[in-house]
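Data first, discussion second: the structure below is written as structure tokens.
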Amino acid sequence: MKILSVVSEVFPLIKTGGLADVAGALPKALGAQGIEVVTLVPGYPQVLKRLQGRTEVGTLPDLLGHEARVSRASLNGLNLLILEIPELFERSGGPYICPDGRDHPDNWLRFAVLSLAGACIALGHLPPESADIVHAHDWQTALTPVYLRYRFRSSLPVMFTIHNLAFQGQFSPEIGDRLGLPASAFGIDCLEYYGGIGYLKGGLVTSDVVTTVSPTYAREILAADLGMGLDGVLQARRTVLYGIVNGIDTDIWNPASDPLIPRQYDVRSLSRRHANRAAVLAHVGLPDKGGPVFAALTRLTWQKGADMFAEAAEEIVAHGGQLVVCGQGDPDIEAELRSCAARFPEHVGVHVGYTEHLAHLIVSGCDVLVQPSRFEPCGLTQLYGMRYGAVPLVGRTGGLSETIIDANDAAMARAVATGFQFHPIDAFGLREAIRRACDAYQDRESWINLQRQAMKTDFSWERSAAQYAQLFEAMQAAWATIE
Ligand code: ADP
Ligand code: GLC
């Protein structure tokens with residue numbers, strides 16, 4: 001079975017968040033289940049620079065008026081197809097935003113073109129490439145099944161995965177006549193969304209199977225609270241909606257062999273983490289005060305609860321702890337954190353920005369990883385934290401609620417706890433959880449047990465990949481009966 005994964009970012013080529021990590025790791029895990037995956041990504045400058053030795057597959061001459069060269073490359077076990085359209089993808093800034101932080105104004109076109117290319121390649125327009133099943137991810141590639149169904153009248157099976165319902169690709173109805181789709185595609189049963197055009201909505205209603213990245217989030221998005229306006233649409237698709245929790249790439253995230261951290265360690269040599277803790281504090285210019293080092297490693301957004309970090313810092317400092325924040329995002333939150341660091345110069349350190357190197361260093365050296373997300377489809381950072389013995393402290397929502405066992409008395413007594421959860425997810429709940437973590441940190445022996453439990457949890461992709469494989473097999477079987 002051959003899957004074409006159509007995606008707007010993939011680690012290690014280009015990454016703005018967990019989507020890239022998943023797109024980079026799942027194909028390898030599926031490969032181990034005997035499923036071949038080819039991944040189609042845009043030729044952003046970062047991608048082209050890294051893949052100098054690529055070979056040309058052919059040309060797609062007219063993707064909404066743009067000519068694409070498609071090339072092939074492989075990297076770290078990934079089989080890649082690169083969609084090269086210089087005027088759309090070779091730009092400065094990120095994959096979605098300009099250097100000034102605003103969205104690229106033609107994102108509607110760039111990702112419609114990516115989706116259309118996915119449909120064409122899956123259907124065999126560029127032999128020998130073709131696919132038995134298409135796997136599309138998030139709004140950026142949600143038009144792939146829409147093109148298959150409405151432009152090509154094809155029922156080729158499509159799985160659509162929601163990584164985050166908050167980003168929906170909503171555009172004005174004026175772009176409609178430039179998308180290369182018949183008028184029927186713009187009706188209420190496809191792209192029409194509150195008077196505009198909704199890419200994500202179109203993907204949800206035209207795919208055969210819809211998945212999201214944890215069973216809890218799959219339930220949460222069926223209700224108005226976290227359904228983000230699409231709960232009705234999702235309700236209608238609930239018989240084909242599945243939640244499969246993400247795994248992590250345990251080769252890349254392995255404290256025993258990680259080349260990006262000063263000192264490697266495992267569950268039996270936790271004291272070696274001390275050197276890493278020193279490096280984390282030094283990186284943000286803090287002295288070691290001897291208490292728990294809390295860290296936040298995240299996009300600085302409302303989703304992630306980053307607006308609560310400054311208040312969290314007060315509670316942490318009051319208990320003799322320190323806080324290190326690494327991330328970037330909302331300029332107001334960045335400014336608030338800078339002034340928080342100025343107020344507590346020996347206790348709070350902020351690094352605005354993100355590098356993989358620093359991410360690895362932080363999880364290898366901090367004691368507690370704070371993640372007060374207001375909603376979290378799955379969350380990977382807490383999984384990386386656990387694997388590195390950085391105890392997660394999280395809001396009880398989405399994937400956070402099912403990947404962590406709260407350190408309540410019963411769980412501690414049975415030695416199964418792996419972190420701290422709190423609810424309701426607000427500054428009060430967060431402060432309370434910080435107090436619990438600071439208390440627990442005082443008992444060194446039980447703290448080390450907590451770290452060990454977290455480190456021993458299995459978050460490899462194997463189990464989840466088997467669940468994806470089962471769905472793909474069922475899709476293929478259903479397809480065979482209608483063909
Ligand atoms: P999300 O995708 O919603 O940001 P996840 O927890 O699934 O959340 O994935 C986050 C991934 O992005 C992790 O690999 C993490 O190391 C990385 N990351 C963390 N902070 C940032 C940041 N500020 N910018 C970019 N990537 C980040
Ligand atoms: C999204 C979600 C995050 C998830 C990631 C990968 O960015 O916000 O929770 O882990 O996608 O699926």
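What you see below is based on every heavy atom in this structure, not just the backbone, and it leaves out hydrogens, waters and symmetry mates. Whatever order the structure lists ligands and atoms in, that order sets their numbers, starting from 1. Residue numbers run from 1 in the order of the sequence given.
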What protein heavy atom lies closest to [atom]? Include the residue and the distance to one decimal.
| atom | answer |
| --- | --- |
| atom 23 (N) of ligand 1 | Gln328 OE1, 2.6 Å |
| atom 16 (O) of ligand 1 | Tyr354 OH, 2.8 Å |
| atom 3 (C) of ligand 2 | Glu376 OE2, 3.3 Å |
| atom 4 (C) of ligand 2 | Gly379 N, 3.7 Å |
| atom 2 (C) of ligand 2 | His163 O, 3.1 Å |

Ring centroid separation [X] to [Y] under 6.0 Å:
| X | Y | result |
| --- | --- | --- |
| Trp139 | Phe171 | yes |
| His135 | Phe472 | yes |
| Phe111 | Tyr96 | yes |

When you check the side-chain N and O atoms of Thr403 and Gln382, is any donor under 3.5 Å from an acceptor?
yes
Could you tell me whether [X] and ligand 1 have an N or O pair separated by under 3.5 Å?
| X | answer |
| --- | --- |
| Asn164 | no |
| Gln382 | no |
| Gly18 | yes |

Contact check: Asn246 vs ligand 2, nitrogen or oxygen atoms, below 3.5 angstrom
yes
Given that the side chain starts at C-beta and the backbone is N, CA, C, O, which of these parts of Lys15 lies under 4.0 Å from ligand 1, counting heavy atoms, or is it both or neither?
side chain
Backbone, side chain, both or neither: what part of Thr298 comes under 4.0 angstrom of ligand 1, heavy atoms only?
backbone
Need the ligand 2 atom indices (1-based, order shown) with element for anything under 4.0 Å from a heavy-atom of [X].
| X | result |
| --- | --- |
| Val22 | 6 (C), 12 (O) |
| Val213 | 12 (O) |
| Gln303 | 8 (O) |

Among Ala166, Gly18, Ser373, Gly398, closest by any non-hydrogen atom to atom 5 (C) of ligand 2
Gly18
Under the side-chain contact (heavy atoms from CB on, under 4.5 Å) rule, what do Val350 and Cys340 come out as? Steps first, then yes or no, please.
CA-CA 9 Å; Val350 176; Cys340 178; over 6 Å; no
Distance filter under 4.0 Å to Thr381 heavy atoms, resulting ligand 1 atoms
6 (O), 10 (C)
Sole candidate of Val240, Ile133, Asp208, Thr211 that passes side-chain contact (heavy atoms from CB on, under 4.5 Å) when paired with Leu471:
Thr211
